[in-house]
Amino acid sequence: MKFTALLTSAAMALGLASGAMAEDKTKVGFVYVGPVGDGGWTYEHDKGRQAVEKEFGDKVETVFVESVPEGPDAERVMTQMALEGADLIFTTSFGYMDPTINVAKKFPNVKFEHATGYKTADNVSVYSARFYEGRAVQGHIAGKMTKSNIIGYIGSYPIPEVIRGINSAYIHAKKVNPDVEFKIVWAYTWFDPAKEADAATVLIEQGADVILQHTDSTAPQAAAQEAGNVITFGQASDMSEYAPLPRVSSIIDNWAPYYIARTKAVMDGTWTSSNTWDGIGAGMVEIGEISDAVPADVKEEALALKAALADGSYHAFTGPLKKQDGSDWLAEGETADDGTLAGMNFYVEGLEGEIPQ
Amino acid sequence: MDLGQINPVLLVASLMVAATPLLLAAIGELVVEKSGVLNLGVEGMMIVGAISGFAISVETGSPWLGFVAAAIGGAVLSLLFVLLTQFALANQVASGLALTLFGLGFSALIGQSYVGIKPPSMGDIHIPLISDIPVVGPILFQHDPILYLGIAITAAVWAVLKYTRVGLILRAVGENHDAAHALGYKVIKIRILAIMFGGACAGLGGAYISLIRVPQWTEGMTAGVGWIALALVVFASWKPWRVLLGAYLFGGITVLQLNLQAAGVAIPVEYLAMSPYIITILVLVILSADKSSAPASLGRIFHASH
């Protein structure tokens with residue numbers, strides 16, 4: 001079983017090296033930052049790749065290279081893919097931004113798609129997901145479920161993406177539970193199970209009975225399970241092996257529809273450079289099944305919130321909202337614009353502590 | 001900020017858990033270096049210990065067997081280092097680095113089917129009566145057995161090195177392998193045993209992370225503990241109790257800084273994040289002012305013909 005998997009990847013690597021086998025196929029390349037078995041970020045991107053294969057069958061050929069460091073290696077891998085005849089290349093980590101732009105200049109006929117970046121070109125699109133919409137649903141459940149009124153949050157790096165998530169979760173927790181308090185710990189890593197477990201344990205020891213995480217491993221879930229009476233949410237992936245408790249729901253990245261649509265656009269010749277930022281409505285962000293550990297009425301409210309976010313009748317950042325320092329941000333009924341969200345570098349009113357600079 | 005939220009009893013208890021993998025790996029490396037061998041492959045042996053311990057305890061359902069397997073796994077991997085440095089007489093630094101790279105890749109390979117699985121729990125020992133003493137009980141008497149084993153190994157290494165003939169021979173080999181050889185001691189044999197002991201300890205340390213501290217398997221989960229262990233041995237001037245102190249200091253400040261963050265202390269997070277490294281190094285540098293130096297033959301290749 002393991003060896004078949006190995007042989008498959010070896011065969012794929014060989015396929016990549018020995019050139020395109022069938023010229024009429026559309027060739028789609030994927031560059032991954034982690035191993036496809038990480039259970040989180042890269043795992044979900046690879047599921048998207050498999051969906052593309054399933055959708056188009058013989059008409060496409062996909063190749064991927066995993067665990068590509070964000071640096072000169074990335075450029076080398078992308079160049080190799082382009083030279084081997086890839087028509088479309090997805091580069092799936094923020095740190096691939098400049099390499100993608102560089103390689104795209106050299107191959108004007110190859111289309112590139114960079115995840116979570118902001119630099120585009122005629123043959124480079126960017127795409128990301130509105131994870132903060134999922135955080136709103138989690139925040140709602142967290143606010144309703146906490147008994148100690150202390151919610152722990154494990155942050156990775158203080159970048160807008162993570163700060164948006166903290167703000168969104170806090171706003172919606174506060175809305176249903178005015179006494180709620182957030183404790184935020186910065187781990188300075190995307191992935192270090194021992195450190196994530198320690199961070200979760202510390203938060204639990206200081207009274208948190210809900211743990212939210214913006215790091216990629218399931219270590220906080222394991223720590224919460226050990227402690228008992230603590231609930232958690234899956235991040236990037238469903239993490240359903242910890243359901244129904246401590247994991248009561250999750251945010252799942254679903255890249256499959258986007259990957260299929262973009263591959264189809266290349267096939268049809270309709271591909272143009274674009275900037276995509278989709279959320280629950282477009283299905284790019286999914287809410288993992290809310291387990292029975294959540295009371296039925298809370299589950300219903302959470303699903304209603306999810307539906308409102310999906311059909312656009314409600315925006316996760318709707319005024320009145322103030323910034324942490326008390327200055328006005330959004331007036332009553334006003335919603336945040338994407339520019340502010342994309343560069344978010346402040347906490348909303350009520351959150352304690354400072355954002356590391 | 002509210003420091004009252006930090007429970008000192010829980011803090012001390014969890015610092016001991018955070019420190020144990022580091023302690024186990026470092027005390028093993030101390031013995032290796034005392035015998036005059038520099039093995040930079042600690043990280044590789046730890047991660048192999050982490051996966052072999054995890055795999056065996058999942059397959060058998062027994063965490064105890066897991067730890068035994070982890071020790072064996074680490075020791076077996078160290079045999080590769082033995083082969084390279086003691087028989088092929090390869091450069092120790094290069095061989096150690098190769099061992100780490102090999103261990104990281106090999107563990108990822110065999111670990112593929114163990115991602116997302118929960119290992120059986122070892123549980124804590126609650127020693128009757130004394131574990132119920134307030135403050136002291138939870139700190140000292142309510143841990144998992146491997147944590148006590150780490151302390152016991154440290155004490156044993158200290159006693160053996162200081163008081164026994166075996167320890168004397170080991171130190172002699174490390175200080176001057178030619179003299180030891182002239183006296184009739186089997187330098188290579190003694191070094192092989194020391195390297196295997198180091199491998200077994202590193203394996204236990206790795207398994208502590210994958211079976212108790214986290215507990216789960218993910219690629220590269222030792223995340224640099226092996227390298228810290230190597231530095232710790234040097235800063236502790238090759239003294240077992242200082243290794244223990246250094247490990248607890250490092251583990252303690254790691255946990256403390258997370259606690260301070262959660263309590264909202266107004267120190268910039270970046271300083272807190274680097275504090276474990278700085279404070280551990282500072283304290284050990286001050287302690288090492290007594291001019292204890294490295295074993296004289298450390299890193300030198302021995303061949304009987306020289």
Side-chain angles (χ1 to χ4, degrees), chain A residues 1-3 5-6 9 34-40 43 67 150 152-155 158 181-189 191-208 216-223 225-226 237 239-242 351-357, chain B residues 1-2 4-7 9-11 13-15 17-18 21-22 50 105 108-119 121 208-210 212-225 251 254-274:
Chain A
M1 171 61 200
K2 268 176 299 184
F3 273 91
L6 269 177
S9 11
V36 295
D38 71 350
Y43 175 74
S67 300
I150 298 172
Y153 204 111
I154 306 171
E181 181 195 340
F182 268 40
K183 278 181 186 289
I184 300 158
V185 168
W186 296 97
Y188 280 94
T189 178
F191 186 79
D192 179 348
K195 199 165 188 181
E196 293 171 49
D198 284 348
T201 308
V202 161
L203 288 166
I204 294 164
E205 281 171 3
Q206 291 203 19
D216 290 345
S217 88
T218 48
Q221 325 270 336
Q225 191 167 49
E226 185 97 355
S237 216
M239 301 187 177
S240 58
E241 63 266 33
Y242 288 95
L351 277 167
E352 281 173 29
E354 277 176 41
I355 298 172
Q357 294 302 322
Chain B
M1 169 166 87
D2 183 6
Q5 292 167 328
I6 301 175
N7 182 336
V9 173
L10 290 176
L11 177 69
S14 55
L15 86 81
V17 172
L22 184 57
L109 177 68
I110 45 178
Q112 276 176 353
S113 51
Y114 290 97
V115 176
I117 295 177
K118 278 170 275 180
S121 169
Y208 194 86
I209 297 179
S210 67
I212 293 176
R213 189 164 162 215
V214 175
Q216 59 175 218
W217 164 253
T218 32
E219 273 178 39
M221 68 182 309
T222 46
V225 176
T254 305
V255 176
L256 179 65
Q257 71 97 357
L258 290 170
N259 266 289
L260 291 175
Q261 275 198 47
V265 165
I267 302 170
V269 178
E270 294 87 344
Y271 293 112
L272 290 173
M274 67 176 147

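In the text below, chain A, chain B and the rest are named by the order of the sequence lines, each starting its count at 1.
Once rounded to the nearest 0.5 Å, the distance linking CD of A/Gln225 with NZ of B/Lys118 reads 4.5 Å.
Using a 4.5 Å cut-off between heavy atoms, A/Gln221 does not touch chain B at all. Looking at A/Ala223, the atoms closer than 4.5 Å to chain B (heavy atoms on both sides) all sit in the backbone: N, CA, C or O.
Ranked by non-hydrogen atom pairs under 4.5 Å with chain B, the options A/Ala200, A/Pro158, A/Ala222 are led by A/Ala222. Most heavy-atom pairs under 4.5 Å with chain B, from the set A/Gly152, A/Gly353, A/Pro193, A/Ala208: that is A/Pro193.
Side chain of B/Glu270 to backbone of A/Pro356: no donor-acceptor contact under 3.5 angstrom is found.
Within the 4.5 Å cutoff, the side chain of A/Thr218 has heavy atoms near those of the B/Gln216 side chain.
In the model, A/Gln206 has a side-chain atom that pairs as donor or acceptor with a side-chain atom of B/Asn259 under 3.5 Å.
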Practice task
Mind running side-chain contact (heavy atoms from CB on, under 4.5 Å) on A/Asp198 and B/Arg213 for me, showing each step along the way?
Solution key: CA-CA 8 Å; A/Asp198 284 348; B/Arg213 189 164 162 215; 2.4 Å; yes
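Residue B/Leu258 comes nearest to A/Ala199 through the heavy atom pair CD1-N, 3.8 Å, listed as atom of the first residue, atom of the second, then distance.
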